[in-house]
2 protein chains.
Amino acid sequence: MARLAEVSTATVSRVLSGGKPVSPEVTERVRAAANDVGYRPNPAAQTLLRGSSRTVGVVVPDLGNPYFAEILKGLAAEAAAEKHHTLVAGTEEDPEQEYRSAIELARWVDGLLLCAPRMSTPRLREVAEAARRLVLINRVLRHHAVGSVVVDYHLGVRALCEHLAALGHKRIAYLQGPTAAWSDQQRQRGFRSPEASGLTIIRVPCGSTLADGREAVEEALTYKPTAIICFNDHVAVGVLSRLRELGLSVPHDLSVAGIDNAPMSAHTDPGLTTYAVSTVEVGRQAWSRFAPKPSTATTHIRGELITRASTAPPPHKSPRG
Amino acid sequence: MARLAEVSTATVSRVLSGGKPVSPEVTERVRAAANDVGYRPNPAAQTLLRGSSRTVGVVVPDLGNPYFAEILKGLAAEAAAEKHHTLVAGTEEDPEQEYRSAIELARWVDGLLLCAPRMSTPRLREVAEAARRLVLINRVLRHHAVGSVVVDYHLGVRALCEHLAALGHKRIAYLQGPTAAWSDQQRQRGFRSPEASGLTIIRVPCGSTLADGREAVEEALTYKPTAIICFNDHVAVGVLSRLRELGLSVPHDLSVAGIDNAPMSAHTDPGLTTYAVSTVEVGRQAWSRFAPKPSTATTHIRGELITRASTAPPPHKSPRG
DNA sequence: TTGAAAGCGCTAACAC
DNA sequence: GTGTTAGCGCTTTCAA
C-alpha cells in the first residue's frame, strides 16, 4: 500500500489521520492508492499505540429487556456520533456473570457503563479500580472517578401514591422488584412519606418481568388492596393480563400503575398510569458522564406522572367483595 | 509484574496462556504476582499479535426494537459462552449509516452480523469483502463466505392467509413493512398462493413501528377489508390501539394478525394471532454460522401459527357498514 | 524449563 | 514536506 503510492508508511499515516502537513499531490496519490486497495488501518495497532480503543462497554442484566435496550440505544448513538464503538454484555441477571463481564470489558474499553448492577459493593469497587472510567445506572458508589445516572424513583413512587390517594385509595399493594436491586430500594424510599400520611402499603415479592407480574397477582389480591403499584410497566402488563383472566375489571374493581412508561404502556387496554422515564435520555446522560471532569458525581433524572385509564377511584366495596 | 515474580515476560505469557511447559514453582510465583497486581494482558496487543480480536460485530436497524434486541441477546450469549465479545451498532434505519458502521466494524471483528440490512447489493458485497466472515439475517447474498439466517416469512404469511380464509375472510389488507426491506418481499411472496386461490389482498404502505401501524389504519379501512395482516406484531399493536379509539371491536368488526410473536402479543386485549418466530434462536443460529465451514449457505428458520382472540369469522356486513 | 529478541501494524519524534 | 526509526505490550521463535 505504501509502496503502491511510492511513499513511506509514515506519510500514509499522516494523510489518513489528517491535520499533518502533506503536499496536496502526495495526499492525492495516497488517497487513490488507499481507495484502490481498500486500505484501512489496523485498529488493534492504533489502539495499542494510542492507549485507547475509542470503545465504551455496556453491561446490562438483560439485553432483551426494552428498558435496557433503549439505554443501550441512547448510549450507542451518542458514542457513534463521537466515533466510538460500543461493546455489550448481557448477564442473564446473574451477579457473578456481571462481575466477570465487567472486569473483562474494563480492560478493553475507555469507559464502562454498568446498568443496574447487582454485584456486591466490594466487587463493584474492584471493577472501579480496573476500569479507566466507570459510570453506573441506578446505583451509586462512593469512589472518585465513578459517576452515576440515577432515576429518582422515590419521587415517582410518591407521585403515584399521591395520585392514588387523591382518588381515594387507602390500601395499596406494591409488587417489589428483584431482591438486591438497588433501584427497588429507591422505590421503597418513596413510600415513606405516603405511609406517614396514613396510606397502607402492602409489599408483595415479585420481580421485574411480565411473567413475575402475572404470578404475583393472586397473592397481592389476598390482601384486598384497591390499587396495585408495580415495580415497572412490564410487571404491570402482566398484572393487567392476569386480572383480565380472573374477571376483574381495571380500573373499576382495581387500579393498576406501573413505572417507566414502556413503549407499549400507552397502548394497553386500559392505558397504563405510570411514572415516565426517558430511557434514551438516561443513555445519553451516561455518555456525557464519560467526559473528563463532570461537575457532579451523580446525575439525577426525574420522570413525570402520566395518568391514563388504569387508575380511577376505588370501588365502594373491596373487589370480589 | 514480570520482575515482581522475577521471571521474564515470556514466562508470564506462558503461564497465563496455559498449556506451555512451566515449572510448578514458577507457575505459582507468577500466578501470585499477577493476582497481587491485578495484572491482565493488554487485549489490543494480543489482538495485534494473533490477528484476531475474539469479537463479533452486530449491526441492527434499531437497537430499541425488541425483535433485534432479542437477536442481539441470543448472539451475545452464545459469543460470551465461547469467550468472544460483541460490538454493536444501531443504524437508525439509515442505509448510509448502516454501510458505514458495517465497514468500520468489519475491520475490528472476527465476524460480522448484519440484521435485515437495507443497503444496496453492491455495497453489501463491499462489506462482504471487508469482513473476515459475514452473516446476514433476513437477507441473502450470493457470495462465497457469506452465510444467512432467514425466517421463512412467506410460509408465515401463507399460514395466516389460510387461517383467515378458513374463517371466511375474502378481503384482507396487508400493512407493508419499510420499503427496501428484503423481509417484506419475503412476506409478499407468501400472498401468491392465497391470491391464486381467490383471496383479495390489498397492500397498504406502512412501516415497522407501532406508530406506523396506528397511522396506516384509516387508509386500510377505506378498502373495507374484513381482516388486517400486519408487517409485524408492533404494527399490529398500533393497529389494535387505533381501532379501539375508532370504536371498532376486534375481532368482531375486524380481524387483526401480526408476525413475530413479540413478548407482549400474548398479553394484548384481545390476544394477537401471529406467526411465532424465536428471535433468540435466530441469534443462536447466527452465531453458529460463524463456524469455519457451515454445510449450507442459508439457515431457514420456520415459525408457527399461533391463533389467539384477535382473529374470528368476519361480520356479515362490512365493518362500519 | 527459561530468557533474549524479533516483530505484529501503526504513529510520534526526530532527522533531513 | 517527507523518510527513518523507535516502541506501544504482547507471544513466539530460537538459544541456552
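Residue numbers start from 1 in every chain, and the chains themselves are labelled A, B, ... in the order their sequence lines are given, proteins ahead of strands.
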Original post:
Is there a side chain to side chain contact (heavy atoms under 4.5 Å, CB included) between B:Val135 and B:Leu114 once you walk through the steps?
Top reply: CA-CA 6 Å; B:Val135 171; B:Leu114 264 34; over 6 Å; no
Original post:
What do the steps show when you test A:Asp94 against A:Thr91 for side-chain hydrogen bond (donor to acceptor under 3.5 Å, both in side chains), and what is the final call?
Top reply: CA-CA 6 Å; A:Asp94 173 12; A:Thr91 70; over 6 Å; no
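We find that A:Lys73 and B:Asp62 are joined by a salt bridge, their nearest charged nitrogen and carboxylate oxygen being less than 4.0 Å apart. Between B:Arg31 and B:Glu28, no side-chain nitrogen of the basic residue sits less than 4.0 Å from a carboxylate oxygen of the acidic one, so the salt-bridge criterion is not met. Salt-bridge check for B:Arg118 with B:Glu93: passed, with a basic side-chain N closer than 4.0 Å to an acidic carboxylate O. A salt bridge links B:Arg40 to A:Glu104: one of the charged nitrogens lies within less than 4.0 Å of a carboxylate oxygen. Ion pairing between a basic and an acidic side chain is recognised when a charged N comes within 4.0 Å of a carboxylate O; A:Arg100 and A:Glu96 show such pairing.
The 5' end of DNA chain D is approached more closely, in terms of each residue's nearest nucleotide, by A:Ser8 than by the other of A:Ser8 and B:Arg40. Between B:Arg107 and B:Glu25, the one whose closest nucleotide on DNA chain C sits nearer the 5' end is B:Glu25.
With 3.5 Å as the limit, one finds a donor-acceptor pair spanning the side chains of A:Thr299 and A:Arg289.
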Subject >> Under 4.0 Å protein heavy-atom contact, by nucleotide of nucleotides 11-16 of chain D - B base, S sugar-phosphate only >> reply: BBB---
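Regarding contacts with the backbone of D:dC10, every side-chain N or O of B:Thr47 stays at 4.0 angstrom or more from both OP1 and OP2.
Once you apply a 4.0 Å limit to the heavy atoms of chain A, the touched nucleotides of DNA chain C run 5' to 3' over C:dG9 to C:dA13.
Checking A:Arg302, A:Gln186, A:His300 one by one against A:Asp152, the side chain to side chain donor-acceptor pair (under 3.5 Å) holds for a single residue, A:His300.
Contacts of residues 27-37 of chain A with DNA chain D (heavy atom under 4.0 Å): none.
What separates CG of B:Leu48 from C1' of D:dC8 is a distance of 9 Å, to the nearest Å.
Put simply, the side chain of B:Leu75 reaches to within 4.5 Å of the side chain of B:Val56, judged on heavy atoms.
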